[in-house]
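Letters A, B, ... are given to chains in the order of the sequence lines, protein chains preceding strands, and every chain is numbered from 1.
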Amino acid sequence: MKISDTLTNQKKELEYSDKVRIYLCGVTVYDQSHIGHARTIIVFDTLRRFLEGNNIPVELIQNFTDVDDKIINRAKEQGESANGLSRKYIQTYFEDSDRLNIKRATNYPKATEHIDDMIDLIKNLVNNEIAYTSKNGVYFRVSKFSDYGKLSKKKTEDLESGARIEVDEAKESPLDFALWKFSEEPPNWNSPWGKGRPGWHIECSAMSIKYLGKNFEIHGGGRDLIFPHHENEIAQSESFTCEQFAKIWMHAGMITINGEKMSKSVGNIKSINHVLESWGPNVARLFCISGHYSKPIDYTEDLLKENLIKLRQIETCYYELRLAEEQEQSEDISLLLVESREKFDAALNDDFNTPLGLSVFFNMIKTINSFAADEKITKQMAKQALPVLEYMLEVLGIKVQTVSDEEVKSIFDLINKRETLRAEKQFEEADKIRDQIAGLGISLIDHKNRTLWMKKEPIKAENQ
RNA sequence: GGUGACGUGGCAGAGCGGUUAUGCGUGAGCCUGCAAAGCUUAUCUAAAGGGGUUCGACUCCCCUCGUCACCUCCA
């Protein structure tokens, strides 16, 4: 598999020995997460599913930043402890994540539970004079890291003249960033330099090294983290280990609204909860991988609607295969299946090109659905096709609604009753039964010689 | 101001130096008791603008214009 590496600006072969180790920068837990956060998570979840679907073990570490000025300020506003607030939003995060059908990461380390690891790392930097203490805290001496700027392609001179950096006379250079901030107020911890709390970037260095080692395969996050967060992580980590940090830097594009980045400060947020309520998890997932992961996706109702229609096609296909009956005619679809699987994998293997992969996927679905419409899907074909479809659904994280055996039985009885009525041309009565079936969440499709039933995901936005 | 990315048909969105991407939408037709879904076919014969390289460019190079992101917390 090849992945575009932000550091080298090239597609790099993903090399690994026993497993692929991924560190994903998670969220700062001070509020509900929005669909932009979801996009990044979905991209990496889908990547992980793809690797695992091809028998490549993955270790995925995703952190929670649970100590930070924003959390502290928000907690103060709400008269709550910082810890209580972050816990609450961690819980919300997991609720969102589960509903989005995100596989749980291997571990979700929290900053507050790794203070000692951070202190050890800072100690090392201080001892090597890469970090220094000032009256406000401990700072990283950027001038000691000659590669500074290599990820974000920035020159230190340009940054200095940028003049948008906070003015802090206690720092040797405006570029230096905090490893440890002194604070007498909680949340704070003891350190060799004084009471305080960690700077933002140090947690990811400490935790990624702790869980994944000094160099691991992929470090990911949103594009907006490239500078300064990931740049600073590289500086800290490589100063500490004297080795190359992550092998590949993979960054997900932003979700925009009217071409503008979704963010709290602009106030154009669509929360994950909101999107899930209106469109459900499958549409949300399809939407989030409908463009290449590295590019922005503009949030529009039209685009969500388009993905809803696609979900319906998937559901139709799934049930056509599941409920296939014996037919007189058939087609040979082995080649279609083999080619679809190959092209799907090839698309994802080439820099995780999900839009291309999806086009292969929907081509296959369209073809199968067209055979189904012509009464050409046999049990034998379905048996061949289902594993391929299910593999792709598993990779994409799409969950089609299923029904229990008892439900199947009652649905079956109702359908038979309706068929009898239809044969007798008692259409009003037949329609009543159809409504009754619809009440169970089941939709019917009348084919020439049979009636297909399917359980569609209820989508609120569809009826509006 | 600096850095990076991008500009493809009504919309979304890929690949590729010479062949239909694909999907959605739209028109017509088929199927159906109706509905839904599906099918067939058509539609749009796209490449921001201007140069250049080439036998040939949407694809490579240059310029102009435009959009966005980062340079401050940010997925």
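Residue A:Arg418 has its side chain nearest to B:rC34 when only B:rC73, B:rA37, B:rC34 are considered. Closest to the side chain of A:Asn369, from the set B:rG38, B:rG4, B:rG23, is B:rG38. Among the nucleotides B:rA14, B:rA36, B:rA75, the one closest to any side-chain atom of A:Lys456 is B:rA36. Taking only side-chain atoms of A:Thr316, from C-beta outward, the nucleotide of B:rC70, B:rA37, B:rG13 with the closest atom is B:rA37. Distance from the side chain of A:Ile445 is smallest to B:rA36 among B:rG4, B:rA75, B:rA36. Listed nucleotides: B:rG4, B:rC70, B:rG33. Nearest to the side chain of A:Lys261: B:rC70. The listed nucleotides are B:rA14, B:rG4, B:rA75; the one nearest the side chain of A:His292 is B:rA14. The side chain of A:Glu306 lies closest to B:rC11 when the candidates are B:rU3, B:rC11, B:rA14.
Here A:Leu444 lies in heavy-atom contact (under 4.0 Å) with a base. Using a 4.0 Å heavy-atom criterion, one finds that A:Phe427 contacts the bases of the nucleic acid, with or without backbone contacts as well. If you check every strand for non-hydrogen atoms under 4.0 Å, A:Leu303 touches sugar and phosphate atoms only. At the heavy-atom level, A:Arg422 lies under 4.0 Å from base atoms of the strands shown. Contacts of A:Gly221 with the nucleic acid, taken as non-hydrogen atoms under 4.0 Å apart, involve only primed sugar atoms and P, OP1 or OP2. Residue A:Asp302 is out of contact with every strand shown, counting any heavy-atom pair closer than 4.0 Å. Using a 4.0 Å heavy-atom criterion, one finds that A:Met454 contacts no nucleic acid atom at all. Nucleic acid contact for A:Ile255: base, since at least one base atom lies under 4.0 Å from a heavy atom of the residue. Among the protein residues, A:Gly149 comes within range of no part of the nucleic acid, since none of its heavy atoms lies under 4.0 Å from any strand. Note on A:Lys264: nothing from the nucleic acid sits closer than 4.0 angstrom, heavy atoms only. A:Arg450 comes within contact range of no nucleotide atom at all, as no heavy-atom separation falls under 4.0 Å.
B:rG23 sits 8 Å from B:rG13 when the C1' atoms are compared, rounded to a whole Å. The same atom, P, is picked in B:rC11 and in B:rA46; the two are 14 Å apart, to the nearest Å. Remark: the separation of the C1' atoms in B:rC60 and B:rU54 is 10 Å, to the nearest Å. Of the P atoms belonging to B:rC44 and B:rA21, the separation is 14 Å, rounded to the nearest Å. Here the separation of B:rG15 from B:rA75, taken at their P atoms, is 28 Å to the nearest Å. For B:rC58 and B:rA47, the C1' atoms lie 5 Å apart once the distance is rounded to whole Å. When the C1' atom is compared between B:rU8 and B:rG49, the two are found 15 Å apart, to the nearest whole Å. Nucleotides B:rG56 and B:rU19, compared at atom P, are 15 Å apart to the nearest Å.
The residues A:Lys379 and A:Glu325 are annotated as not salt-bridged, no charged nitrogen and carboxylate oxygen being separated by less than 4.0 angstrom. A:Lys399 and A:Glu315 are not joined by a salt bridge, as no carboxylate oxygen comes within less than 4.0 angstrom of a charged side-chain nitrogen. The pair A:Asp446-A:Arg422 counts as a salt bridge, with a side-chain nitrogen and a carboxylate oxygen less than 4.0 angstrom apart. A salt bridge links A:Glu375 to A:Arg450: one of the charged nitrogens lies within less than 4.0 Å of a carboxylate oxygen. Salt bridge absent: A:Lys181 and A:Asp68 never bring a charged side-chain N and a carboxylate O closer than 4.0 Å. Between A:Asp147 and A:Lys150, at least one side-chain nitrogen of the basic residue sits less than 4.0 Å from a carboxylate oxygen of the acidic one, meeting the salt-bridge criterion.
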_Please convert RNA chain B into dot-bracket. A pair counts if it is Watson-Crick or G-U wobble with both distances under 3.5 Å; crossing pairs go in [ ] and bases paired with another strand get |._
(((((((..(((.....[...)))((((((.......))))))....(((((..]....))))))))))))....

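Taking only distance into account, the side chain of A:Lys295 never meets the base of B:rC6 through a donor-acceptor pair shorter than 3.5 Å. Between the side chain of A:Asp431 and the base of B:rG33, at least one donor-acceptor pair of N or O atoms lies under 3.5 Å. Taking 3.5 Å as the limit, the base of B:rC31 and the side chain of A:Lys448 contain no donor-acceptor pair of atoms between them. In terms of polar N and O atoms assigned as donor or acceptor, the side chain of A:Asp446 comes within less than 3.5 Å of the base of B:rC34 in a complementary pairing. Side-chain N/O atoms of A:Arg434 and base N/O atoms of B:rC34 include a donor-acceptor pair closer than 3.5 Å.
For A:Gln313 and B:rA37, the shortest distance from a side-chain N or O to OP1 or OP2 is not below 4.0 Å. The phosphate of B:rG15 has OP1 or OP2 within less than 4.0 Å of a side-chain N or O from A:Asn353.
In this entry the distance linking CG of A:Leu225 with C1' of B:rC70 reads 11 Å, nearest Å. Separating the NZ atom of A:Lys376 from the C1' atom of B:rC31 is a distance of 14 Å, rounded to the nearest angstrom. If you take NZ of A:Lys305 and P of B:rC11, they are 17 Å apart, rounded to a whole angstrom. The CG atom of A:Leu175 sits 13 Å away from the C1' atom of B:rU72 (whole-angstrom rounding). Atom CD1 of A:Ile257 and atom P of B:rA69 are 13 Å apart (whole Å). In this structure, A:Glu231 atom CD and B:rC70 atom P are separated by 16 Å, rounded to whole Å. When the C1' atom of B:rC68 is taken as reference, atom CZ of A:Phe227 falls 19 Å away, rounded to whole Å.
Using modelled atom types and a 3.5 Å distance limit, the side chains of A:His114 and A:Tyr211 yield a donor-acceptor pair. For the 3.5 Å distance criterion, the side chains of A:Asp345 and A:Tyr391 qualify, holding a donor opposite an acceptor. When only modelled atom types and interatomic distance are considered, A:Tyr293 and A:Asp351 share a side-chain donor-acceptor pair under 3.5 Å. A donor-acceptor contact closer than 3.5 angstrom links the side chains of A:Glu457 and A:Asn282.
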Please tabulate the protein-to-nucleotide N/O contacts below 3.5 Å involving nucleotides 40-44 of chain B, giving atom names and distances.
none

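Across all their heavy atoms, A:Ala284 and A:Ile42 have their closest contact at O-CD1, 4.3 Å. In terms of heavy atoms, A:Leu179 sits closest to A:Gln236 at CD2-NE2, 3.3 Å.
Map A:Leu356 and A:Glu428 each onto its nearest nucleotide of RNA chain B; the residue landing nearer the 5' end is A:Leu356. Nearest-nucleotide assignment on RNA chain B puts the 5′-proximal partner with A:Asp298, out of A:His37 and A:Asp298.
For the pair A:Lys310 and A:Phe362, the cation sits on the ring face: its NZ or CZ lies under 6.0 Å from the ring centre, inside 45° of the axis.
Checked against side chain to side chain donor-acceptor pair (under 3.5 Å), A:Glu231 has the following partners two or more places apart in sequence or in another chain: A:Ser152.
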